[in-house]
Amino acid sequence: MRYSKEVDRKWQKRWKESGLYKFDISNLDKKFYSLEMFSYPSGARLHLGHWFNFAPSDSFARFKSMQGYNVFHPMGFDAFGLPAENYAIKTGIHPEESTLKNIETMKRQLEEMGANYDWNYSVETCMPDYYKWTQWIFLKLFEKGLAYKKEAPVNWCKSCNTVLANEQVVNGECERCGTIVERRKMSQWFFKITDYAEELLEGLKDLDWPESTKKVQANWIGRSEGAEVKFKIEGSKDEYLTAFTTRVDTLNGVTYVVIAPESDITLKLTKPEYLDAVNKYREQTAKASDIERMSTEREKTGVFTGSYVINPINGERVPLWVSDYVIEGYGTGVVMAVPAHDERDYEFAKKYNLKIKEVIKPVDGNAELPYTDYGILINSGEFNGLTSAEAKKKIVEKLSKTNEGKQTVNYRLKDWLVSRQRYWGAPIPIIYCPDCGIVPVPEKDLPVLLPHDVEFRPDGESPLRKSKEFMHCKCPKCNKDAMRESDTLDTFVDSSFYFLRYPDARNSEKIWDKEIVDKIMPVDVYVGGKEHATMHLIYARFMTKALRDMGYVDCDEPFKKMVHQGMILGPDGNKMSKSKGNTVAPDPYVDKYGSDTFRMYIMFGFSFTEGGPWKDEGIQAIVKYLTRVENLADRILNNKYKTKNTIDDEEKELIYVKNRTIKAMEADIDRFQFNTAIARSMEFINEMVKYEQLPIVNEKLLRESFETYITLISPLAPHFSEEIWEQFGHTESVHKELWPKYDEKEIAKYQINLPIQINGKLKTVIKTNREATKEDVKEAIKDVPTIVQALKNFEIKDEIFVPQKIFNIVGKKK
RNA sequence: GCUGAUGUGGCGAAAUUGGUAUACGCACAGCACUCAAAAUGCUGCGGGAAACCAUGUGGGUUCGAGUCCCACCAUCAGCACCA
């Protein structure tokens, strides 16, 4: 049968019946954990992005099992989240209904793709058998002191009476009603990821991840060394404001101190006559996002509080201001301002006529202010003349004697806010008792089930709060009437441990059997978009480390190697989106050409890590290519050749190309370079077609080469190759074949092209053996006309010879 | 604004990581087969008559730069409640 959708169906059915892709968990000596980020079942059907991620990754997993690994390749669904809830608000269809339906469709489509997942190891995060463990992890973190509650700002829409996700805030306004969004504080749960800041940063060093991703994570963690300095509040008995600075050498230049407007202390420190102005400013700040506030382009604004603080190094009295360029959550939320040596502070001081005191000057000459480099201290009393580096040490030494300062490390990383005032998520397993306070739900009572009949349209309260049945319960400690926590968990919590649950996904007794998980972890290759470089990937690393410290896993780092697939954009070069109307559905292509043609095309037409705008012109190339293979298969099967048994020059060439192809494809697939792997396979076919047109061929060699070729493309075109494999009389699946071995000797004995240059300009190319020496090469070129011509009246200064690479003659005309 | 990328023929893209720039294809053109077309097979295909010139622009390092360094231009992604 010629390749078509029917061939896909035929083999999908057979694979299922024969249990070809059942994972053998009993033998993990040579395991390979190949993982893609599980998908969010937002729409009913797989989109192009799914194909671009999952199809090549499936080919990669197949390739690894051909190399003799026992490959663990699971797939699941990240099924909680905002879109399903919004969809429900719009259509009235319950999130559970739409989500489960989407999952069913996506599963079927993944099977139609030909993916070799073993669905016995899948997870669906919205099901109680999964979120029971999400809740269990929350309890464990709570026990360990890694989950805690504090006040934190949220986006609040006054008119809708609801909390908004950042995504729902458009230009500072609510996407639904256009009301200006405010920041409002609410009491919320956090995970203490900052306890792991140092280890998360250190651990990056040994990971086989793209450098750019490691950099982004390192910046996200944002380690900076500096000092904490305490400024005494004037008029108080023993109250201080603590500022973090990386430039404690400039401490004598502090002319004012700034605190974040949203801080609780702000109102406390504001003198009555300034209260009106400060309150107004706070209201204004509530409307700006953090990104806006941190922009250095933005005009600085602020107001005076009327209070003063004391600089501990020199006893100077400096004014206390409020400004939105200081953010409560970063550092200590207090900035010591040194306008002479910081651009933001300088701009601010100029605008509000604050003092500017120069305390650092360059080693030689004078500087224009603000001067932000290191230098020599001036106007700093006993520290004058010291370098910035020396001064940093001396100043901290002095401050620490009076307990007014110390050396410290600050991280940009903030604790992970996990509370969501939403319906479609895992309920936080906490009970509030009027007598006992915060009481965790006992483990035996898990899961805390998400009630089905809940009004989740926004009206000012967390949806769960409206379910009396859900909210009212007995305190597990004292059995008095109590109330449940009404918030649900961030979906990033669900996705921060799913890869640990996969290996033992059906365990109902415990989260997993440690012995199994320790054998399968870590993930050997993790494939997913680079948009997850910070949040998901850092949360998953944190969770693994926290679980390790609690003794549930051994591994320190969950993802040994990380690969990011690129993004397929719309044909217009923009990100695909329904609103732009530039989405492309894979289904019509798959229907028309079959899964393998489509898979091969997306692998061949794009660089896997780059992606790019969608184009389908090249799909014909793959149709033609596969037909060419089928035609050759037919001719070999019909065997009308005049045959011979000897190995002559032509046969040697074919053997060489075969070995070269195996080697190249192996290296390419290992690096996720599917486009070049397919290019090499095309060269191999071209060579075989050329060979078979000779008057007399070695039919046995041709047939063997062709069968080798089929095994080479079997991970890339799993149905197509299976069909031809069967035509060649094989009764076992081609997917049980091992990756062919190549013979390095056969490659090495083939001659190479060696470029000959004069002054770096290519003059000619000669054929030589690989072990040719400089003398051999000189001998070989001595009669080549272009060289002879170029070397006339030429004074040779140097000869650069790099074996197997280049011969370059350097000199000049006399 | 901050952070991280990307830029190579008409087009999709390669370049063993500093060593023949444009592999493999698409599109196009020519030839063969055919009454004809399609399909298939073969050949050609950056510019230039040539010396040479070409990897976003301008400098630099090097025997040698698409690859390394500096500056600039353009485009894209992430920025903590989309996942």
Side-chain angles (χ1 to χ4, degrees), chain A residues 37-40 42 78 80-83 86 154-155 163-169 188 210-216 218-220 222 289-298 329 412-422 490-492 494-495 528-536 538-539 564 566-567 569 573-575 601 604-607 610-613 615 617-622 624-625 627-628 631 664 667 673 675-683 686 689-690 693 753-765 797-800 802 804-811:
Chain A
M37 290 180 182
F38 63 171
S39 60
Y40 182 74
S42 57
D78 191 10
F80 272 139
L82 191 58
N86 285 342
V154 293
N155 299 314
V163 177
L164 299 177
N166 284 344
E167 189 193 48
Q168 298 172 301
V169 182
Q188 312 199 66
E211 281 307 313
S212 60
T213 305
K214 291 207 242 180
K215 265 189 215 161
V216 169
N219 288 330
W220 184 265
S289 76
D290 284 1
I291 291 175
E292 284 170 332
R293 287 172 61 178
M294 283 185 290
S295 166
T296 48
E297 287 280 279
R298 193 162 178 261
R412 206 179 70 100
L413 184 70
K414 294 191 268 185
D415 277 337
W416 175 11
L417 198 173
V418 295
S419 294
R420 297 290 182 271
Q421 296 72 43
R422 309 207 176 271
D490 178 9
T491 54
F492 276 121
D494 309 330
S495 58
K530 55 171 158 266
E531 65 274 18
H532 294 286
T534 46
M535 303 165 71
H536 164 60
I538 216 162
Y539 295 147
H564 301 304
M567 198 188 292
L569 307 169
N574 292 309
K575 209 170 167 174
Y601 174 60
F604 180 65
F606 302 85
S607 148
E610 293 295 319
K615 279 199 119 192
E617 278 147 35
I619 203 158
Q620 275 306 326
I622 299 295
K624 260 165 91 171
Y625 171 48
T627 308
R628 202 168 147 83
N631 291 345
Q673 293 233 3
N675 52 352
T676 50
I678 292 172
R680 298 298 149 236
S681 79
M682 287 170 169
E683 284 176 343
N686 290 344
V689 169
K690 198 174 103 194
Q693 285 170 355
N753 293 327
L754 189 83
I756 310 297
Q757 297 181 331
I758 290 176
N759 283 336
K761 296 250 196 287
L762 182 72
K763 289 297 162 193
T764 190
V765 177
K797 279 198 192 139
D798 201 0
E799 292 168 341
I800 314 256
V802 184
Q804 298 188 41
K805 297 268 188 199
I806 201 108
F807 185 60
N808 186 11
I809 301 167
V810 184

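Source: prediction; values computed, not measured. As a basis for the values below, the full set of heavy atoms in this structure was taken, side chains included, without hydrogen atoms, waters or symmetry mates. Order of the sequence lines sets the chain letters (A, B, ...), proteins ahead of strands, with each chain counted from 1.
The residue A/H536 sits apart from the nucleic acid: no heavy atom pair falls under 4.0 Å. Across all strands shown, A/L413 has heavy atoms under 4.0 Å from base atoms, whether or not it also approaches the sugar-phosphate. As judged by a 4.0 angstrom heavy-atom cut-off over every strand, A/S681 is placed among residues making no nucleic acid contact. Among the heavy atoms of the strands lying under 4.0 Å from A/V216 are primed sugar atoms or P, OP1, OP2 only; no base atom is included. Looking at heavy-atom distances under 4.0 Å, A/N753 makes contact with a base. Within the 4.0 angstrom heavy-atom criterion, base atoms lie near A/W220. Using a 4.0 Å heavy-atom distance criterion, A/K797 is classed as making no nucleic acid contact. As judged by a 4.0 angstrom heavy-atom cut-off over every strand, A/Y625 is placed among residues making no nucleic acid contact.
Taking atom P on both B/G10 and B/U22, the two are 15 Å apart, rounded to the nearest angstrom. The separation of B/U55 from B/G47, taken at their P atoms, amounts to 16 Å, rounded to a whole angstrom. Taking atom C1' on both nucleotides, B/G18 is separated from B/U67 by 7 Å, rounded to a whole Å. A distance of about 26 Å separates the C1' atoms of B/G19 and B/G25, rounded to the whole Å. B/U3 and B/G48 have their C1' atoms separated by 45 Å, given to the nearest Å. To the nearest whole angstrom, the two P atoms, one in B/A27 and one in B/C42, are 15 Å apart. Here, B/C70 and B/A77 have their C1' atoms 25 Å apart, quoted to the whole Å. Comparing the same atom, P, in B/A15 and in B/C24 gives a spacing of 14 Å after rounding to whole Å.
Using cut-offs of 30° and 60° for the angle between ring planes, the A/F492 and A/H536 rings count as parallel.
Out of B/G78, B/A14, B/C81, the shortest distance to the side chain of A/T676 is found at B/A14. Of the candidate nucleotides B/C63, B/A83, B/G25, B/C63 has the atom nearest to the side chain of A/V810. Residue A/A621 has its side chain nearest to B/C26 when only B/C11, B/C26, B/A15 are considered. With B/C24, B/U40, B/C42 as the candidates, the nucleotide lying closest to the side chain of A/V689 is B/C42. Closest to the A/K414 side chain, of the nucleotides B/A14, B/A80, B/G41, is B/A80. Comparing B/A14, B/C81, B/A13 against the side chain of A/L417 picks out B/C81 as the nearest. Counting only heavy atoms from C-beta on, A/N686 has its side chain closest to B/G25 among B/A83, B/A23, B/G25. Taking every side-chain heavy atom of A/K615 into account, B/C11 is the closest of B/C81, B/C11, B/G78.
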Would you tabulate the pairs of protein nitrogen or oxygen atoms and nucleotide nitrogen or oxygen atoms of nucleotides 48-55 of chain B closer than 3.5 angstrom?
{"residue": "B/C52", "atom": "OP1", "partner": "A/K763", "partner atom": "NZ", "Å": "3.3"}

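In terms of phosphate contacts, A/R628 brings a side-chain nitrogen or oxygen within less than 4.0 Å of OP1 or OP2 of B/G41. A sub-4.0 Å separation between OP1 or OP2 of B/A27 and a side-chain N or O of A/Q620 is absent. Contact annotation: A/K624 reaches the phosphate of B/C26 (side-chain N/O to OP1 or OP2, under 4.0 Å). For A/N675, a side-chain nitrogen or oxygen approaches OP1 or OP2 of B/A14 to under 4.0 Å. Here A/T491 reaches the OP1 or OP2 of B/A83: one of its side-chain N or O atoms lies under 4.0 Å away. Residue A/K215 places at least one side-chain N or O closer than 4.0 Å to OP1 or OP2 of B/A5. Remark: A/N759 is not in phosphate contact with B/G64, judged by side-chain N or O atoms under 4.0 Å from OP1 or OP2.
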Nucleotide-level pairing of RNA chain B, given in dot-bracket where Watson-Crick and G-U pairs need both distances under 3.5 Å and | marks other strands: (((((((..(((......[....))).(((((.......))))).((....))..(((((..]....))))))))))))....
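The shortest non-hydrogen separation linking A/L762 to A/P755 is CD1-CB, 3.7 Å. For A/W416 against A/D490, the heavy-atom pair with the smallest separation is NE1-OD2, 3.0 Å.
The line from CZ of A/F80 to CG of A/D494 is 6.5 Å long, rounded to the nearest 0.5 Å.
Applying the 3.5 Å distance criterion, the base of B/C81 shares a donor-acceptor pair with the side chain of A/Q421. Judged by distance alone with a 3.5 Å cut-off, a donor-acceptor contact links the side chain of A/Q188 to the base of B/C81.
Judged purely by atom type and a 3.5 angstrom limit, A/D78 has no side-chain atom pairing as donor or acceptor with the backbone of A/F38.
The CG-C1' distance, from A/L569 to B/C11, rounds to 16 Å in whole Å. Atom C1' of nucleotide B/C63 and atom CD1 of A/I809 are separated by 12 Å, given to the nearest angstrom.
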